[in-house]
Amino acid sequence: MLVTNIGQLVTIAGGGPRRGAAMDEIEIISNAAMLVRDGLIVAAGPASEFPTDETDIVDAGGRTVLPGFVDAHTHPVWGGNRIDEFEQRASGATYEQIAANGGGIQSSVRQTRSASDDELGKNFARHCQWFCRNGTTTIEAKSGYGLDLETELRLLCSLKGTHQLRVVPTVLAAHAIPLDKSKEHYIADICEAILPEVAAKKLAVYADIFVEQGYFTADDARLIMGRAKELGFKLKMHVDQLSAGAGAELAVELGAATADHLEQTSEAGIQALAASSTFPVLLPASVYALGKTRYPDARRMIDSGLPVVLATDFNPGSSPIPSIPMIMSLACTQMHMSPAEALTAVTVNAACSLDYFDRIGSLEPSKYADFTIWDTSDFREIVYFCGANLLWRTYVGGIQVS
């Protein structure tokens, strides 16, 4: 397949991860073409360098071509919804108040446990369609709405079904404490039953934990993440979201691949991340959706040389938002990132944070032909016209999925 008549081909070629000023440097080829064979990119460059006798030609019509977005933090499978809580927050209730009254994660746990496998599968398939329609071709996908062995396995198994996206699975059994168990007993369940069973069945690549007041402490994290590492999981951690608790430093201490959220992270935490290999994954939609105003200090992180990643945090409570273009817009308007930095954060850097950059995140020979075509003449219009439906087509492995 030859994709030709590309007005602006944004390859972001040249290696990763991008840090500091390099996040603002992206390769753009005008009047370009890209050759795809057997689901892989063969070549990308000026259209004049390509033959025109390919049997399958996609005429981009002067549009913009980008790498498929990589959403490095999602919670895409659950039962029911939490629209009532959305309305409560609109009336002034806080996320913490709703959770204290039995809502929040616990509400999704109740609805997920009662949902059938068919319902969970259909919900996940629906969400995959939403991702594709917003230009996302790879997601990191967490469990976490089961909080028991049976349901956590059901959630992770649902991620293995037929879908349009590439999925990197994460077990998030340490999302909250179930109402029917003490913390001590549930931590024992995680370490002695859930994590070993997930590892034995090879249902997840990463293990995650929510470190926050009222959820799991730093000491809990050392125990649970230590066990996860023994079982061969790579580590991801929710830290410094609602309160400042030196979570970034803890993620570095434990050797986590990513530290996610970081709204409350201090200068000391930023410097700890800068001296480590841990990626900061910033989730501005959860700040927006919760009606809060303190966004992660992306500008300070980039200026400190961190390879910043952006993601949706798509979930039924604090971020029912599957749109990477919206995330990029929030990053530009609320976190003072440039459009190029935001694009780097959802492609190259996101792929690197998942240890998947050898296959995705840029448009270069031998990588998967995961790309999107946008009805724009300049990639910055995707952020500038936030809310407009500018996506023309989405391809995964050279196959059109949207």
Side-chain angles (χ1 to χ4, degrees), residues 1-16 25-71 128-139 163-166 323-325 328 339-340 342-351 356-385 388-402:
M1 178 173 68
L2 180 67
V3 186
T4 190
N5 197 14
I6 301 171
Q8 192 180 67
L9 177 63
V10 187
T11 66
I12 323 184
E25 300 169 1
I26 57 177
E27 183 182 64
I28 299 176
I29 305 171
S30 299
N31 302 316
M34 182 170 65
L35 183 62
V36 173
R37 186 175 294 124
D38 297 329
L40 302 177
I41 297 169
V42 177
S48 59
E49 299 178 358
F50 289 81
T52 58
D53 58 351
E54 291 295 322
T55 56
D56 187 3
I57 292 180
V58 174
D59 186 342
R63 296 176 176 88
T64 299
V65 173
L66 302 179
F69 297 139
V70 180
D71 195 340
C128 286
Q129 291 177 355
W130 294 353
F131 286 118
C132 289
R133 291 170 187 167
N134 282 280
T136 297
T137 54
T138 297
I139 61 170
H163 43 68
Q164 301 158 303
L165 298 166
R166 302 191 191 281
S323 171
I324 285 288
M328 294 170 66
L343 182 60
T344 297
V346 298
T347 53
V348 171
N349 282 4
Y356 210 0
F357 184 64
D358 62 328
R359 287 297 187 180
I360 61 174
S362 63
L363 300 179
E364 302 180 78
S366 81
K367 289 196 172 186
Y368 291 132
D370 296 357
F371 64 95
T372 52
I373 306 177
W374 299 82
D375 197 12
T376 69
S377 59
D378 187 309
F379 85 92
R380 293 174 296 179
E381 294 177 52
I382 298 167
V383 180
Y384 178 60
F385 291 118
N389 185 14
L390 299 177
L391 182 67
W392 190 51
R393 292 181 182 176
T394 300
Y395 291 81
V396 176
I399 298 173
Q400 185 181 343
V401 297
S402 177

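Predicted model only: the values in this text are computed from it and were never measured. Starting from 1, each residue takes its place in the sequence as its number. Side chains included, hydrogens not; waters and symmetry mates left out as well; all remaining heavy atoms used.
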Point to revise | Pairing residues for Arg166 by the side chain to side chain contact (heavy atoms under 4.5 Å, CB included) criterion, not counting sequence neighbours | key: Thr138, Tyr356, Ile360, Tyr368, Asp370, Val396

Check your understanding: For Asp59, what residues pass the salt bridge (charged side-chain N to carboxylate O under 4.0 Å, His left out) criterion, not counting sequence neighbours?
Key -> none

Revision key, fill the gap. Distance col, row Ser377:OG vs Arg63:CZ, nearest 0.5 angstrom, shows 11.5 Å

Revision key, fill the gap. Side chain to side chain contact (heavy atoms under 4.5 Å, CB included) filter on Ala13, not counting sequence neighbours, yields Thr11, Glu27, Glu364

Exercise for review: Compare every heavy atom of Val36 with every heavy atom of Ala369, then report the nearest pair and how far apart it is.
Suggested key: CB-CG1, 3.6 Å

Review point. What pair of heavy atoms forms the shortest contact from Val401 to Cys132, and how long is it?
Key: CG2-SG, 3.8 Å

Revision key, fill the gap. The side chain to side chain contact (heavy atoms under 4.5 Å, CB included) partners of Ala33 (sequence neighbours excluded) come to Leu2, Thr4, Ala47, Phe50

Review point. Mind checking whether Phe379 and Ile28 have side chains closer than 4.5 Å, heavy atoms only?
Key: yes

Review point. Do any pairs count as a salt bridge (Lys or Arg N to Asp or Glu O under 4.0 Å) and have a residue in residues 38-51, sequence neighbours left out, and if so which ones?
Key: none

Point to revise | Interatomic distance, Phe385 atom CZ to Leu390 atom CG [nearest 0.5 angstrom] | key: 7.5 Å

Exercise for review: Output the distance between atom CH2 (Trp130) and atom OG1 (Thr136), rounded to the nearest 0.5 Å.
Suggested key: 13.5 Å

Point to revise | Residue pair Phe357 / Ser362, side-chain heavy-atom distance below 4.5 Å | key: yes

Check your understanding: Shortest non-hydrogen contact from Val346 to Ala350?
Key -> C-CB, 3.9 Å

Check your understanding: Shortest non-hydrogen contact from Lys367 to Arg359?
Key -> CB-O, 3.5 Å

Exercise for review: State whether the side chain of Thr394 and the backbone N or O of Ser402 hold a donor-acceptor pair below 3.5 Å, judged by distance alone.
Suggested key: no

Point to revise | Rounded distance (nearest 0.5 Å) linking atom CZ of Arg133 with atom CD of Gln164 | key: 8.0 Å

Point to revise | Val3 side chain reached by Phe371 side chain, heavy atoms, under 4.5 Å | key: yes

Exercise for review: Only counting residues at least two apart or in another chain, list the ones meeting salt bridge (charged side-chain N to carboxylate O under 4.0 Å, His left out) with Asp71.
Suggested key: none

Exercise for review: Report the C-alpha separation of Leu66 and Thr347 in whole Å, then their side-chain angles, then the decisive distance to 0.1 Å, and conclude whether the side chain to side chain contact (heavy atoms under 4.5 Å, CB included) test is met.
Suggested key: CA-CA 9 Å; Leu66 302 179; Thr347 53; over 6 Å; no

Exercise for review: Could you go through the ring pair (Phe, Tyr, Trp, His ring centres under 6.0 Å) check for Phe69 and Trp374 one step at a time?
Suggested key: CA-CA 13 Å; Phe69 297 139; Trp374 299 82; 5.8 Å; yes

Check your understanding: Can you find a heavy atom in the side chain of Ile382 that is under 4.5 Å from one in the side chain of Leu343?
Key -> no

Check your understanding: Under a 4.5 Å cut-off applied to non-hydrogen side-chain atoms, are Ile373 and Val58 in contact?
Key -> yes

Exercise for review: May I ask you to test the Asn134-Leu391 pair for a side-chain heavy-atom distance under 4.5 Å?
Suggested key: no

